[in-house]
Every structure is written in C-alpha cells, then in structure tokens.
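Given the structure is predicted, the values throughout are model-derived calculations rather than measurements.
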Amino acid sequence: MTTLLLPRRAPIALVLALILLMAGSPTHARTITDAAGRQVVIPDQVEHIMPAGPPAALVLYTLAPKKLLGWAHKPPAEALALLDPAAAQLPELGALTHGDDIDTGLIQKLHPDLIVDIGTVSPRYRDLADKVQAATGVPYILLDGRLDRTPELYRLLGQITGTEATAAALADEAGRILTEARAALTASGSASRPSAYYGRGEEGLTAVGPSAISAEPLPLLGLGNVVPADKPKGDIDRAQLQAWNPAVVLTMSEGFATQLRTDPAFAQLAAVADHHVLLAPKLPFGWIDEPPSVNRLLGLLWVEQALDPEHFTGDLRAATRSFFHDFYRRDLTETELDQLLQPR
C-alpha cells in the first residue's frame, strides 16, 4: 500500500483532490494462471507486449498490432509486402525461445508490460519463462499454442490485452476453419486417408514426429505421420524416406519438391506416383509451418483442397482473401491471389 505524506498545513482543497484521485485509481494488477500452471501477476492495462518467439509475434500481430513491440524475427520484404504496411515499421527483437542470448538490457529498455510465449508447454519453456521474469522483473506468460486450441487462445489473449471484440471475431473464424477441416475429414472417411511425411528444411530431410508441434496439421487433416512416435525431430536420409514410402509428402522447400518429382530414384515413392507431392505456399508465413502458429489454419484448407477436391466444399480463393483480411490485415489484389494459389 502506498502512503502519501502531506504537509501539516496542506490546503483542504488539495487534500480532498488527492483523496479523490487515489480513490478513483484502478487496481494496478491482476493474477492469471498460464498454461504451465504458473501464477503470474500482470498489469490491468497491457499496452506494450514483447513476443518471446515467432509464433507469439504472429498471433499478437493478428490481434493487437499496436501493442506489439516488434518481431522476434522480422519477416523478409516479400512477406511484409503482403501485410499491413505498419508491420514493416516494427523492429526485430530476437527470439528468446530460439536460444538467442537474453538481452536483459534491451528488455528493460523496451519496458514491456508483458512478455508472451505461445507454443509447446514443456519444462524447458516454463523454466525459460521463470528465468527471464526473474532477470528482468517483467511478467512472462506461456500459452498453449496447439492449433486446435486457437479459438481459446484468442479469447484468453483478448481478455489479457483488452481486445475482446477483435479476439472473439478471430476466435470464431479460427473455429469455423477447424470445423470445416474436420467436416471434410468426416466426409471422406478417416480410414481412407493416406500416410504422410512433412519434410522440413531446404533439403526436406528433417523429419518431425507426431509429438512435434510442427506436425500438428497432419492428424487434423486425417493424415498418418510415417515418422515413428519416438522420433520427435531429426535428419533422415533418402533411404529412410523410401522405406517409409509415404502416400503424401508435404513440404515448403521448392528444391525438395522438384527433386522428388524429377529424380528417378524417387519414381517409385507412393507420393510421387500418385502426384501427391504438395509444395505449400510460404508467404507471408508458411501455410503449414514456419512458424507453427495461426498461419497454419489457412494451410488446413489448402491441403484439403489439394488432396481431396471432391469433398472440399469451400471456395479456397474466397477463403484466402478472407483470411488475409481478417488475420493479416491486408486486402489482396486478384493478381496477388493468383500468385499465392498458383499450382506448385
């Protein structure tokens, strides 16, 4: 409690004014429980937010761009060209979650009201949150970034940031997309859905297992991950990919997709034989990953349409236009839509 000391003979008017000012002051803090079970005291008014990593930066950009202090890793020029022009003015801050050095001086200079991390909830990230909060004195919350929890994530962040109306609209749209993806899965019958491999990296040979956040779109699409559950992430060789023989390959590497489609050594791969090597768009953010954030919602629709156009009842062009408007704060031209949706 703050004690106010006044001169013994302070004017009555001054005393009354100060009493009224203090009585009318709002509560300055509140306590929330984050996804790691940590009790974190945050300000009532959150105006300046630092993202701990790329997933958080993207979610905060879609929800409250004026409260976002900067990008964890700033998107390249070709990506920024597809966002609100104000996005290009945000600086690059570095990602606390990527093993970058924790610049406590920069954090204190930025003076954020809150640091937000969104993604995998694990002891590693819980300990990082505790470490940064202890070193800087800035409240740091860890939120569940699973794709199927996106509506709940938006509603919670809306309460934290005072942007409830925008959060509700984005939550509803995220829920609609997830429902549409599930409906397409049900219509086609999950038993008929193929196995799949998601190839990360330029060479496409970084595999991600079922427990990895980057592999989340596969089960939501009804695809069985060929990577064993005990292999969360790691590099493989060509022989291993051929042994797994996935019916579908997803990647954002143009070089990898081209190699699979043209190298005779891969001609017998089921995904190649069935023309199911899918090269996903990656602007302004990856449509199936990179970062593992809300950008993947649009990728669900894109993959559904590419794999099973017969049961895809939506309009991908209209959905893309709407998604960019609602989430990326950008109205696309017809030419831009053509470029994003061109066959790959």
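- Taken together through direct or relayed side-chain contacts under 4.5 Å among Ile, Leu, Val, Met, Phe, Trp and Tyr, Leu340 and Leu297 form part of one hydrophobic cluster.
- Remark: the backbone N or O of Ser122 is not paired with any side-chain donor or acceptor of Thr120 at under 3.5 angstrom.
- Closest approach of Ala265 and Gln242 over heavy atoms only: O-NE2, 2.7 Å.
- There is a side-chain donor-acceptor pair under 3.5 Å between Thr163 and Thr161.
- Between the side chains of Asp113 and His48, no donor-acceptor pair is found at a separation under 3.5 Å.
- Between Leu298 atom CG and Phe324 atom CZ the span is 6.5 Å, to the nearest 0.5 Å.
- Atom-to-atom distance recorded for Leu283:CG and Gln339:CD is 9.5 Å, nearest 0.5 angstrom.
- Under the 4.5 Å side-chain criterion, counting only non-hydrogen atoms from C-beta, Leu218 is in contact with Leu250.
- When all heavy atoms of Pro284 and Leu83 are compared, the closest pair comes out as CG-CD2, 3.8 Å.
- At most 12 non-hydrogen atoms from other residues, nucleotides or ligands lie less than 6.0 angstrom from CD of Glu203.
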Worksheet entry | Derivation of the side-chain contact (heavy atoms from CB on, under 4.5 Å) call for Leu205 and Phe256 | CA-CA 8 Å; Leu205 294 177; Phe256 179 53; 4.2 Å; yes

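- Placement of Val303 and Leu279 in two distinct hydrophobic clusters is found when ILVMFWY residues are connected by side-chain heavy-atom separations under 4.5 Å, directly or transitively.
- Side-chain atoms of Thr251 come within 3.5 Å of backbone atoms of Gly199 as a donor-acceptor pair (strictly under, hydrogens ignored).
- Side chain to side chain, Asp289 and Tyr198 meet the donor-acceptor criterion of an N or O pair below 3.5 Å.
- By the neighbour-count criterion of 12 heavy atoms within 6.0 Å, atom CD of Glu47 is densely surrounded, having more than that number from other residues, nucleotides or ligands.
- A donor-acceptor pair is defined here as one N or O able to donate and one able to accept, closer than 3.5 Å; such a pair exists between the side chain of Glu216 and the backbone of Leu147.
- Both Leu58 and Leu332 belong to a common hydrophobic cluster when Ile, Leu, Val, Met, Phe, Trp and Tyr are linked at side-chain heavy-atom distances under 4.5 angstrom.
- Summarising the geometry of Ala167 relative to Gly158, their closest heavy-atom pair is CB-CA, 3.5 Å, with the distance given to 0.1 Å.
- Once rounded to the nearest 0.5 Å, the distance linking CG of Leu307 with CG of Leu223 reads 6.0 Å.
- Between Leu278 and Val249 the shortest side-chain heavy-atom distance does not fall below 4.5 Å.
- Ile160 contributes atom CD1, which lies 12.0 Å from atom CG of Asp44 (distance to the nearest 0.5 angstrom).
- Side-chain atoms of Gln39 and Thr33 form a donor-acceptor pair, as typed in the model, at a separation below 3.5 Å.
- Side-chain N or O atoms of Trp71 include none that pairs as donor or acceptor with a backbone N or O of Gly94 at under 3.5 Å.
- Using a cutoff of 4.0 Å between basic side-chain nitrogens and carboxylate oxygens, Asp263 and Arg238 are scored as salt-bridged.
- Between the side chain of Lys74 and the backbone N or O of Pro91, no donor-acceptor pair lies under 3.5 Å.
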Worksheet item: Going through the checks in order, is the side-chain contact (heavy atoms from CB on, under 4.5 Å) test met by Trp287 and Thr320?
Response: CA-CA 11 Å; Trp287 287 30; Thr320 302; 3.9 Å; yes

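- The number of heavy-atom neighbours closer than 6.0 Å to CD of Glu78, taken from other residues, nucleotides and ligands shown, is 12 or below.
- In this structure, Glu254 places its CD atom where only 12 or fewer heavy-atom neighbours from other residues, nucleotides or ligands lie under 6.0 Å away.
- A salt bridge links Arg155 with Asp172: the closest approach of a Lys/Arg side-chain nitrogen to an acidic carboxylate oxygen falls below 4.0 angstrom.
- Heavy atoms of other residues, nucleotides or ligands lying less than 6.0 angstrom from CD of Gln268 number 12 at most.
- When all heavy atoms of Val277 and Arg261 are compared, the pair lying nearest together is O-NH2, 2.7 Å.
- Checked against ring pair (Phe, Tyr, Trp, His ring centres under 6.0 Å), Phe327 has the following partners two or more places apart in sequence or in another chain: Phe323.
- Side-chain contact between Ile177 and Leu301 is present, with heavy atoms from C-beta onward closer than 4.5 Å.
- Ile213 and Ile288 are not part of a single hydrophobic cluster, where members link through side-chain heavy atoms under 4.5 Å apart.
- Asp315 contributes a side-chain N or O that, together with a main-chain N or O of Arg317, makes up a donor-acceptor pair within less than 3.5 Å.
- Looking only at side-chain heavy atoms (C-beta outward), Arg126 and Val121 stay at 4.5 Å or farther from each other.
- Ionic pairing of Asp326 and Arg321 is not present here: no N-O contact between side-chain nitrogen and carboxylate oxygen is shorter than 4.0 angstrom.
- Separation of atoms CG (Leu90) and NZ (Lys66) is listed at 12.0 Å; rounding is to 0.5 Å.
- A side-chain contact (heavy atoms from CB on, under 4.5 Å) with Met50 is found for exactly one of Thr136, Val138, Leu93, Val116, namely Leu93.
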Discussion item. Glu173 vs Ser322, test: side-chain contact (heavy atoms from CB on, under 4.5 Å). Steps then yes/no.
Written reply: CA-CA 10 Å; Glu173 183 61 14; Ser322 177; 4.3 Å; yes

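- For the pair Leu69/Ile49, no side-chain contact is recorded, criterion being any heavy-atom separation below 4.5 Å from C-beta on.
- Asp144 has a carboxylate O that lies under 4.0 Å from a charged side-chain N of Arg146, or vice versa, which qualifies the two as a salt bridge.
- Side-chain atoms of Tyr154 and Thr62 include a donor-acceptor pair closer than 3.5 Å.
- With values rounded to the nearest 0.5 angstrom, Ile42 atom CD1 is found 13.0 Å from Ile115 atom CD1.
- Looking only at distances, no side-chain donor or acceptor of Ser293 sits under 3.5 Å from a matching main-chain atom of Asn295.
- Closest non-hydrogen pair, Thr258 versus Thr262, comes out as O-OG1, 2.7 Å.
- Considering only heavy atoms from C-beta on, Tyr61 comes within 4.5 Å of Asp84 through its side chain.
- The minimum heavy-atom distance linking Gln133 with Tyr140 is given by the pair OE1-N, 2.9 Å.
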Fill in: Working for side-chain contact (heavy atoms from CB on, under 4.5 Å), residues Asp117 and Leu96
CA-CA 9 Å; Asp117 184 14; Leu96 300 175; over 6 Å; no

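- Considering only heavy atoms from C-beta on, Arg124 stays 4.5 Å or farther from Leu128 through its side chain.
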Practice prompt. May I have the step-by-step check of salt bridge (Lys or Arg N to Asp or Glu O under 4.0 Å) for Glu290 and Lys282, ending in yes or no?
Written response: CA-CA 8 Å; Glu290 298 181 18; Lys282 57 182 180 181; over 6 Å; no

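- With contacts defined as side-chain heavy-atom distances shorter than 4.5 Å, the pair Leu157/Ile118 qualifies.
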